[in-house]
Amino acid sequence: MNRLQVELPGLSLKNPIIPASGCFGFGQEYAQLYDLSKLGAIMIKATTLETRSGNPTPRVAETAAGMLNAIGLQNPGLEHVLAHELPWLEKYDVPIIANVAGTETADYVAVAEAISKAPNVHALELNISCPNVKCGGIQFGTDPKSASDLTAAVKAVSDVPVYVKLSPNVTNISEIAKAVEAGGADGITMINTLIGMRLHPKTGKPIIANGTGGLSGPAVKPVAIRMVHEVSRNVNIPIIGMGGVATAEDVIDFLSVGASAVAVGTANFVDPFVCPNIIEALPQKLDELGYDKLTDVIGRSHR
Amino acid sequence: MIHQERMQVVRQQQIAEDIFELTLTGQLVLDMKQPGQFVHIRVTDTFEPLLRRPISIASINHELLQFTMIYRAEGRGMTILSAKRPGEEVDVLGPLGHGFPVEEIEPGQTALLVGGGIGVPPLYQLSKELHAKGVRTIHVLGFQSENNVFYEKEFSELDDTYIVTADGSQGTKGFVTDLLRDKAPEFDVFYSCGPTPMLGALEQTYPDKKGFLSFEERMGCGIGACYACVCNTTDATEKEYLKICSDGPVFPRGVVKL
């Protein structure tokens, strides 16, 4: 028996550890360091219909136990990802979760339809929560009706299950979660980054050229844990939790509040081996807690 | 090949105002193949400060499995690093990036090496390798003030070295380009590392010369995955953008839009 096995819509995961979208490119860089087949799945960088060149630099700024980023969804575009990045990943025994982004419904639908047909894409992650682009993205993720309608439109064309990535930058995250569930979402991934700003001490102006950026890293974990805790009680679809995950203990926390798997983002920059290290550490964590298998931990906060 | 290794501190000393020289030892040194590459340093095992710090490699000693970095101790991370003592460990990811191409100049030719402030260190290993190949070098090193000057002796022992300070407290007063205009040195290839305006000024000063420039930008992962340190390109390349960490930090002149 594989103690770390998790079954989710479209995803048979040999372990619950998934590099988060935007923190792992399309896998090539980390493949220089370890075998990507060790991972539960990979959430590839957000893909849009056309090439996007992203925001001006500086794009990152360090904060207390965290960082701000405003990359701006830079990616080579759908055609390139289908022709190069996804085929390159086929040599690894790892399901791909394709993060789909756009500025209007038609873009999302076009990307979702095409990318869901790629043989190694087992699920989509609908990005309605990027805080760093002017149009689209978070606009869909902060209004329940828009979120629900977009989910339904993407579900209608996707060949694989659709997970919707939620923004924490809302008053009532359960309302959005319930809306995307009603729209037909197969699962939820949460949380995207929190909008923040860091000033240059000399000039008093924002360091990041975009002004604001998305806060991530260990600093945001309590916010993410609280939101997963709440949303898991309000929806009946699985959640992939993320936000500040850097250790096996963090993974256990996210599972405890109801996540079924966990994405690791910023921690990859701090320790490029963090994902395989966590996977290796998990069985011992289960032993310490007295659980046979990882799925026994899911939702224990609520029991 | 990129490695992550806990390397041991051999030596640490302050060599100018806020400037420290740190020598580490470990197997990772064997993979340092080119001057101008960098390492990504984690200064603590906690999450505060969180990110790694990119630092250029100033000199490499393959026999002793040692390499030396020179950095400015400003900000939380570098201040923590400056407190490391011999025997303590430092978490190093590297070697990273593409450095200065030594093969782009022939024995007997002359290289102009222009450094600005904390951009000076990688030029030291470069100069040593150029000399080993039989290339003559001219060093032009710019600093804010005499208190910030370092490695004048080390560079002078290799070849002609000119110091420029913004306030004139040592060497020539002004910018490196002022000195270059006055001296008008004869050379075949230029190599440079320093503030972006200085790199731009060099490109303008020598429109017809072959040259290689090392860039700097705030980085996240250091290996090309996060797209934090991209730069725009000119028509000289088909690529729409380049990543400073993994495509660079050294690029041929004229490729990066300045």
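Since the structure is predicted, the reported quantities are computational estimates derived from the model, not experimental observations. Throughout, protein chains are lettered first and strands after them, A, B, ... in sequence-line order, and every chain is numbered starting at 1.
Options B:Leu93, B:Thr46, B:Val230 differ in how many heavy-atom pairs under 4.5 Å they form with chain A, and the most are formed by B:Val230. Contact count against chain A (heavy-atom pairs under 4.5 Å) is highest for B:Gln4 among B:Gln4, B:Arg42, B:Met1, B:His3.
Here CZ of A:Arg52 is found 13.5 Å from OH of B:Tyr227. Values are rounded to the nearest 0.5 Å. Here B:Ile2 contributes atom CD1 and A:Glu29 contributes atom CD; the two are 9.0 Å apart, rounded to the nearest 0.5 Å. The distance from atom OH of A:Tyr30 to atom SG of B:Cys221, rounded to the nearest 0.5 Å, is 5.0 Å. One finds the CD1 atom of A:Ile207 at 4.5 Å from the CZ atom of B:Arg218 (value rounded to the nearest 0.5 Å).
For the residue pair A:Cys23 and B:Ala225, the shortest heavy atom distance occurs at O-CB, 4.4 Å.
Under a cut-off of 6.0 angstrom, the local environment of NZ in A:Lys91 is crowded, with over 12 non-hydrogen atoms contributed by other residues, nucleotides or ligands. For A:Glu79, the CD atom counts as loosely surrounded, since its 6.0 Å shell holds 12 or fewer non-hydrogen atoms of other residues, nucleotides or ligands. By the neighbour-count criterion of 12 heavy atoms within 6.0 Å, atom CD of B:Gln12 is densely surrounded, having more than that number from other residues, nucleotides or ligands. In B:Glu103, the CD atom is crowded: over 12 heavy atoms of neighbouring residues, nucleotides or ligands sit closer than 6.0 Å. Counting non-hydrogen atoms of other residues, nucleotides and ligands closer than 6.0 Å to CD of B:Glu240 gives a total of 12 or fewer. Counting heavy atoms of neighbouring residues, nucleotides and ligands inside a 6.0 Å radius, atom CD of B:Gln144 does not exceed 12 of them. By the neighbour-count criterion of 12 heavy atoms within 6.0 Å, atom CD of A:Glu249 is densely surrounded, having more than that number from other residues, nucleotides or ligands.
Within residues 264-282 of chain A, the residues having any heavy atom under 4.5 Å from a heavy atom of chain B are, by residue number, A:Thr266, A:Phe269, A:Val270, A:Asp271, A:Pro272, A:Phe273. Proximity to chain B among residues 62-76 of chain A is limited to A:Glu62, A:Thr63, A:Ala64, A:Ala65, A:Gly66, A:Met67, A:Ile71, A:Gln74, judged by heavy-atom separations below 4.5 angstrom.
Only the backbone of B:Met219 comes within contact range of chain A, with heavy atoms under 4.5 Å apart. Contact annotation for B:Tyr241: only side-chain heavy atoms (C-beta onward) come within less than 4.5 Å of a heavy atom of chain A.
Between B:Leu50 and A:Pro218, some side-chain heavy-atom pair lies under the 4.5 Å cut-off. In this structure, the side chains of A:Thr57 and B:Ile244 stay at 4.5 Å or more apart for every pair of heavy atoms. Contact annotation: the side chain of A:Pro58 approaches that of B:Glu217 to within less than 4.5 Å [non-hydrogen atoms, C-beta and beyond].
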